[in-house]
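Everything below concerns the one structure shown next.
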Number of protein chains: 2
Amino acid sequence: MAKVNSPPLTPAGFQVLLAIARGHAHGYGIMGFVDEVTGGSVQLGPGTLYRTLARLSADGLVEEAPHRTEDEPHDARRRYYRLTDLGLRVARREAALLQRLAAESAEAGLLGERARTA
Amino acid sequence: MAKVNSPPLTPAGFQVLLAIARGHAHGYGIMGFVDEVTGGSVQLGPGTLYRTLARLSADGLVEEAPHRTEDEPHDARRRYYRLTDLGLRVARREAALLQRLAAESAEAGLLGERARTA
DNA sequence: CTCGTTCTATCCATTACGGATATATCGAGA
DNA sequence: TCTCGATATATCCGTAATGGATAGAACGAG
C-alpha cells in the first residue's frame with residue numbers, strides 16, 4: 001500500500017489545487033480565480049503563485065498538461081497544469097478539513113446570525 | 001465609522017479564534033482542541049500557539065479574561081482569553097470565507113463522491 | 001516532600017509569503 | 001512591419017509565520 005502521507009500543503013497550495021480542480025489550468029488564470037473566489041481577501045502574487053506551482057509539481061500533486069488546442073487560441077507562453085491522482089486525494093482531504101472547520105464555525109455561531117440586533 | 005480593515009489573520013490565528021469561540025479559553029486547552037477538531041492534521045506547537053495569542057492580543061482580537069472561579073478549580077498558571085468585538089467580526093469574516101471555499105470545493109467535486117468506482 | 005503532569009513562555013532554524021523586478025510573447029493599431 | 005500595452009512566466013529578496021526544542025513555574029497525587 002502506498003503511503004498516504006502527503007507532503008504538507010500550504011494555504012497557497014490549496015488555493016492553487018482548488019483553482020485547477022475548477023478548471024483554471026494556467027498560472028495567470030489561477031491568480032485571477034483566487035482573487036475572485038475569495039472576494040479579494042486572498043491574493044496570490046506572482047512570487048507565491050509560481051513558487052507554489054513549482055513545489056506542487058515537485059511533490060507530484062500537479063503535472064504539466066499539453067496545450068489545449070481546442071477552445072483556447074493557443075498561447076505559447078502559457079503552461080497548463082492538471083491534478084495528479086495524489087493531488088486529487090490531497091485536495092479532497094484538505095477540502096474535507098475545510099468543511100469540518102466551517103461546521104465548527106457554525107457551531108460556534110460564527111456563521112449566519114449576522115447583525116441580529118443592530 | 002470604524003475601519004473594518006482587520007489586520008491579516010494567519011491560519012494559526014483563525015484556529016485560535018475558533019477554539020476560543022468554542023469555549024476553549026486557555027492556551028493549553030486550545031492546543032488540544034485544535035488537534036482534536038482537525039483530526040490531528042493541524043497541530044499547534046507551544047511556539048506557534050503562544051506567539052499567536054500574543055499577536056492576536058496585540059492586534060486587539062482577543063483580550064485576557066478574569067479567571068473563572070466557578071466551574072474550574074482555579075489554576076493560577078492558566079491565562080484565559082475571550083474574543084473582543086473586533087475579534088468576533090474577524091472570526092466571522094474568516095468563517096464565511098472558509099464556507100465559500102468549502103462550497104467551491106463541492107463545486108469542484110472534491111467533497112462527497114468518494115471512491116465511487118473503487 | 002517528591003515527582004510526573006500541566007501550563008506558559010522564549011529561542012532558533014526553516015519555510016512561506018508578498019512585492020518588485022526581469023523578460024518574452026501576444027494582439028491591436030499606426 | 002513596427003511599436004506598444006497587456007498577458008504570462010519566472011526569479012530575487014526582505015519580512016513574517018511556522019515547528020520544535022528548551023526552560024521553568026505551579027499543580028495534584030501519593
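Chain identifiers are assigned alphabetically (A, B, ...) following the order of the sequence lines, protein sequences preceding nucleic acid strands; residue numbering begins at 1 within each chain.
Computed from coordinates, the B:Leu9 CG to C:dC17 P distance equals 15 Å when rounded to whole Å. What separates CG of B:Leu44 from P of C:dA9 is a distance of 16 Å, to the nearest Å. Atoms CD (B:Glu64) and C1' (C:dC7) sit 13 Å apart, rounded to a whole Å. For the pair A:Arg55 CZ and C:dT14 P, the interatomic distance rounds to 17 Å; values are reported in whole Å. For B:His67 and C:dT8, the NE2 to P distance is 9 Å, given to the nearest whole Å. Taking atom CG of residue A:Asp75 and atom C1' of nucleotide C:dG27, one finds them 10 Å apart after rounding to whole Å. Taking atom CZ on A:Phe14 and atom C1' on C:dC17, their separation rounds to 18 Å, with Å as the unit. Atoms CZ (A:Arg51) and C1' (D:dA10) sit 11 Å apart, rounded to a whole Å.
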Using the rule given for side chain to side chain contact (heavy atoms under 4.5 Å, CB included), can you reason through A:Arg79 versus A:His26, listing the C-alpha separation, both sets of side-chain angles and the distance that settles it, and then say yes or no?
CA-CA 6 Å; A:Arg79 299 182 61 184; A:His26 74 285; 5.9 Å; no
In sequence, state the C-alpha distance, the side-chain angles, and the governing distance for A:Leu98 and A:Phe14, and then conclude on side chain to side chain contact (heavy atoms under 4.5 Å, CB included).
CA-CA 10 Å; A:Leu98 238 66; A:Phe14 176 71; 3.7 Å; yes
May I have the step-by-step check of side chain to side chain contact (heavy atoms under 4.5 Å, CB included) for A:Leu18 and B:Glu104, ending in yes or no?
CA-CA 8 Å; A:Leu18 177 58; B:Glu104 280 295 325; 4.0 Å; yes
Could you go through B:Arg100 and A:Val37, starting from their C-alpha distance and side-chain angles, then the distance that decides it, and tell me whether this counts as side chain to side chain contact (heavy atoms under 4.5 Å, CB included)?
CA-CA 8 Å; B:Arg100 178 74 196 280; A:Val37 78; 3.9 Å; yes
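In terms of position along DNA chain C, the nucleotide closest to A:Gly47 lies nearer the 5' end than the nucleotide closest to the other residue of the pair A:Ala76 and A:Gly47. Between A:Ala12 and A:Pro46, the residue anchored nearer the 5' end of DNA chain C, judged by the nucleotide with its closest heavy atom, is A:Ala12.
A:Arg78 and A:Tyr80 are linked by a side-chain donor-acceptor pair at a separation below 3.5 angstrom, with hydrogens and angles left out of the test.
The nucleotide whose nearest atom lies closest to any side-chain atom of B:Arg79 is, among C:dT8, C:dA16, D:dT18, C:dT8.
Residue contacts shown for A:Pro11 are limited to sugar-phosphate atoms, with no base heavy atom under 4.0 Å away. Heavy atoms of B:Ala54 sit nowhere under 4.0 angstrom from any nucleic acid atom.
Of the residues in residues 22-40 of chain B, those lying under 4.0 Å from DNA chain C by heavy-atom distance are B:His26, B:Gly27, B:Tyr28, B:Met31.
Side-chain nitrogen and oxygen atoms of A:Arg78 include none within less than 4.0 Å of the OP1 or OP2 phosphate oxygen of D:dT9. Between B:Thr48 and the phosphate of D:dA17, there is no side-chain N or O to OP1/OP2 separation shorter than 4.0 Å. Taking 4.0 angstrom as the limit, A:Thr10 places a side-chain polar atom (N or O) nearer than this to OP1 or OP2 of C:dC17.
A side-chain contact (heavy atoms from CB on, under 4.5 Å) with B:Asp59 is found for exactly one of B:Val62, B:Leu56, B:Leu61, namely B:Leu61.
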Which donor-acceptor pairs under 3.5 Å do side chains of residues 43-50 of chain A form with protein atoms, sequence neighbours excluded?
from	atom 1	to	atom 2	distance (Å)
A:Gln43	NE2	A:Asp35	OD2	3.1
A:Gln43	NE2	A:Gly40	O	3.4

